[in-house]
Asks: 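Here's a structure for you.
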Amino acid sequence: MLSRREPVPFAFVAEADRFRSNVTPPPRESLSKSQLAARSLVGLTVVAGLVGSLLFGMPALQPGSAPQKSEASQGR
């Protein structure tokens, strides 16, 4: 590593690139079956919402389709 020659207001900033921690984080806990099911259900709900919005939105994106007029705008 290159050593820095410019003045640094705090000593720990200059030493930060060399610092390595010897503390290891604790192992991650495994998910319970209910947590796994809840995450899967949320994921499936999001995917279903995106697919549904795509299916319902596709007719509006088709070129050449004339906009439909409602009864209120026809002026009874």
Side-chain angles (χ1 to χ4, degrees):
M1 287 251 137
L2 297 172
S3 62
R4 299 180 183 178
R5 297 289 178 201
E6 70 270 6
V8 179
F10 299 102
F12 65 86
V13 175
E15 309 253 337
D17 56 354
R18 289 183 272 165
F19 180 74
R20 297 287 183 257
S21 175
N22 60 355
V23 178
T24 58
R28 296 182 69 177
E29 295 181 11
S30 61
L31 295 175
S32 67
K33 289 184 181 182
S34 62
Q35 288 175 332
L36 188 60
R39 287 187 182 185
S40 300
L41 186 61
V42 168
L44 286 174
T45 303
V46 169
V47 169
L50 291 173
V51 169
S53 65
L54 184 65
L55 288 176
F56 286 119
M58 285 301 286
L61 298 174
Q62 297 297 326
S65 61
Q68 300 291 329
K69 294 187 177 185
S70 65
E71 288 185 27
S73 64
Q74 289 179 358
R76 280 182 134 180

Asks: Check side chain to side chain donor-acceptor pair (under 3.5 Å) between Ser32 and all other residues, then give those that pass, not counting sequence neighbours.
Replies: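 With sequence neighbours excluded, Ser32 shows a side chain to side chain donor-acceptor pair (under 3.5 Å) to Ser34, given in chain and number order.
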Asks: Taking only residues two or more places apart in sequence or in another chain, which ones pass side-chain contact (heavy atoms from CB on, under 4.5 Å) with Ser30?
Replies: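 Scan of Ser30 (side-chain contact (heavy atoms from CB on, under 4.5 Å), adjacent residues dropped) gives none.
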Asks: Sequence neighbours left out, cut at 3.5 Å: what donor-acceptor pairs do the side chains of residues 39-60 make with other protein atoms?
Replies:
from  : atom 1 : to    : atom 2 : distance (Å)
Ser40 : OG     : Leu36 : O      : 2.9
Thr45 : OG1    : Leu41 : O      : 2.7
Ser53 : OG     : Gly49 : O      : 3.2
Ser53 : OG     : Leu50 : O      : 2.9

Asks: Who clusters with Val23? Use side-chain heavy atoms, under 4.5 angstrom, across I, L, V, M, F, W and Y, and order the result by chain and number.
Replies: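 Cluster partners of Val23: none, it stands alone.
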